[in-house]
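For reference, positions follow the sequence shown, starting with 1.
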Amino acid sequence: MTHGLDPALRAGRTWRDWVVDAALFCAAVFLGMVVLGVVKEQGELPGWTAELDPLLGLVACLALWWRRGFPLGVALIGLPAVALATSALPAGAVIVTNVALRLRWRRALVMLAAYVVCMVPSGLLLSGHAKDLWFDAVFCLTYLLASFAWGHALRSRRLLVQRLRVDAERARAEHERRLADARRGERQAIAREMHDVLAHRISLLSVHAGALAYRTRQAEAGAGPALNSTEVAQSAEVIRGNAHEAVEELQEVLHLLHAEGGGEPVSLLPRIQDIDGLVADARATGQPVNFHTELTADAVHELRSQLHRTVYRVAQEGLTNARKHAPGTPVSVCLTGGPGTGLTVEVRNGLPTSPATAATADTDTGEAIPGTGAGLTGLAERVRLDGGTLDHTAADNTFTLRARLPWPER
């Protein structure tokens, strides 16, 4: 009869359970013998129960070994023994406690009622007179209710411990999930940062190196003047400088990845004012750039560093994409907005006039400038994290990259 067992309390028997069961059996047998001896000395047992009492008490004690797996069956077996045998009273206390501990509350209450109905009139049946009926009734009720209450207290404690363990496991799993999400977010952030930092420098290197190779081939073919030593030195210096800056920025990104304190290197926190440097680098490669800003230094001074970096990355990505996908076309960078109205970053460039030019190619060499293809995707995620929106459209022979970011009032 295991169908009445509460699933929350089903468990295999451990060595500790065996020790507890053995101790309860020995205690029930010993105390049952003591109670039986006291009752016999007082001569309160009728003759017909004197021989039956020890046998019923032994049955109740033996049933305790199966109380964990079959609480309802043990309760039914112990019911007549507890009602008729005084030696079964210690085992009966364990049985009633086990009923409250292991059965669902409706079955437990039914079994408690059955024990009350059977035990209360047992005093009259055994003694044959009613002089101690009220005392026997009070004793039986106290005996049963105390045992049942103790079992209910044990059940509540075990269920509480089990619930706390489940909650702890759930909290641990949730913590591990959040930790995995945080690590994934960190990897994505590092990937975006590396793309934004290096793509601009690598595209500049590609343009300078392509122009140098193109001029050299033209001179060897007699189609143009040869580069003099000054021009070669200047081109090499530009390439070396951009390569050096790319390596330094990569080192800073890696430092950010391994940093334990959570702080970011200062140079990885570009500000809106640094867009002037981006424009200067682009113009140095021959890219025609018109930069216009309505923002003053005092107005942007109070903006968060993260917002400064996002605005810088939008302008950087726009210039890099224009250099890769529409080389030689004019580019305009415009910053507008103010506190309470939001901040808008807009980068416009003309669309290529022919399919050949539309390919991502160096203006001078016609060779493709490599790219990851994930720049706008990562940029959109960066803008979204700052509470803004990013859109890009191609219309009227113009490609427009526009980011709108919140600018709270002071």
- Message: Using the rule given for side-chain contact (heavy atoms from CB on, under 4.5 Å), can you reason through Val74 versus Asn98, listing the C-alpha separation, both sets of side-chain angles and the distance that settles it, and then say yes or no?
- Response: CA-CA 9 Å; Val74 170; Asn98 189 65; 5.5 Å; no
- Message: If we ignore hydrogens and angles and just use 3.5 Å, is the side chain of Ser156 paired with the main-chain N or O of His152 as donor and acceptor?
- Response: yes
- Message: Is there a side-chain contact between Glu381 and Arg384 in this structure, where contact means two heavy atoms from C-beta onward sitting under 4.5 Å apart?
- Response: yes
- Task: Taking His308 for its side chain and Val300 for its backbone only, find out whether a donor-acceptor pair lies under 3.5 Å.
- Result: yes
- Note on the structure: dist Thr320:OG1 -> Arg313:CZ (nearest 0.5 Å) comes out at 10.0 Å
- Kindly check if the number of other-residue, nucleotide or ligand heavy atoms within 6.0 Å of CZ (Arg304) is above 12? yes
- Query: If only atom types and distance count, is the side chain of Ser87 paired as donor or acceptor with the main-chain N or O of Ala85 below 3.5 Å?
  - Reply: no
- Without swapping roles, check the side chain of Asn349 against the backbone of Ala322 for a donor-acceptor pair under 3.5 Å. no
- Message: Working to the nearest 0.5 angstrom, can you tell me the gap between Phe148 CZ and Leu141 CG?
- Response: 13.5 Å
- Message: Check this for me, if you would: do Asp167 and Arg170 make a salt bridge, where the nitrogen-to-carboxylate-oxygen distance has to be below 4.0 angstrom?
- Response: yes
- Message: For Val289, is there any backbone N or O sitting under 3.5 Å from a side-chain donor or acceptor partner on Arg283?
- Response: yes
- Message: Under a 4.0 Å threshold between the charged nitrogen and the carboxylate oxygen, would Arg178 count as salt-bridged to Asp181?
- Response: no
- Task: Take Ile77 and Phe70, measure what side-chain contact (heavy atoms from CB on, under 4.5 Å) needs, and give me the verdict at the end.
- Result: CA-CA 11 Å; Ile77 292 174; Phe70 305 92; over 6 Å; no
- Test applied, side-chain contact (heavy atoms from CB on, under 4.5 Å); reference residue, Leu343; option that passes from Thr310, Asp386, Leu303, Thr336: Leu303
- Message: Looking at Leu103, is its backbone amide N or carbonyl O close enough to the side chain of Arg155 to form a donor-acceptor pair, meaning the two atoms are under 3.5 Å apart?
- Response: yes
- Trace of the side-chain contact (heavy atoms from CB on, under 4.5 Å) decision for Asn321 with His392: CA-CA 12 Å; Asn321 284 343; His392 48 87; over 6 Å; no
- For Leu390 and Ala403, the nearest pair of non-hydrogen atoms, with its separation, is CD1-CB, 3.7 Å
- Message: As an exercise, state the distance from CG of Leu160 to CZ of Arg158, rounded to the nearest 0.5 Å.
- Response: 13.0 Å
- Could you pull out the closest heavy-atom pair between Val383 and Arg404, with the gap in Å? CG1-O, 4.4 Å
- Any donor and acceptor pair, going by atom type alone, linking the side chain of Asp274 with main-chain N or O of Arg271 inside 3.5 Å? yes
- Query: Minimum heavy-atom separation for Met111 to Val99, with atom names?
  - Reply: CB-CG1, 3.9 Å
- Without swapping roles, check the side chain of Ser147 against the backbone of Thr97 for a donor-acceptor pair under 3.5 Å. no
- Message: Can you confirm whether more than 12 heavy atoms, excluding those of Arg106, are under 6.0 Å from its CZ atom?
- Response: no
- Query: Of all heavy-atom pairs between Gly337 and Thr341, which one has the smallest distance, and what is that distance?
  - Reply: C-OG1, 3.9 Å
- Message: Restricting to non-hydrogen atoms, name the atom on Leu64 and the atom on Ala28 that form the minimum distance, rounded to 0.1 Å.
- Response: CD1-CB, 3.9 Å
- Message: Closer than 3.5 angstrom, by distance alone: can the side chain of Tyr115 be matched with the main-chain N or O of Ala75 as a donor-acceptor pair?
- Response: yes
- Report the distance from atom OG1 of Thr393 to atom CG of Leu401, rounding to the nearest 0.5 Å. 9.0 Å
- Message: So which atom in Leu31 and which in Pro90 form the shortest heavy-atom distance, rounded to 0.1 Å?
- Response: CB-CG, 3.6 Å
- So how far is it from Leu164 CG to Leu159 CG, rounded to the nearest 0.5 Å? 11.0 Å
- Message: Using the rule given for side-chain contact (heavy atoms from CB on, under 4.5 Å), can you reason through Trp18 versus Trp65, listing the C-alpha separation, both sets of side-chain angles and the distance that settles it, and then say yes or no?
- Response: CA-CA 9 Å; Trp18 284 103; Trp65 288 101; 4.0 Å; yes
- Could you tell me the separation between the OG1 atom of Thr293 and the CD1 atom of Ile275, rounded to the nearest 0.5 Å? 7.5 Å
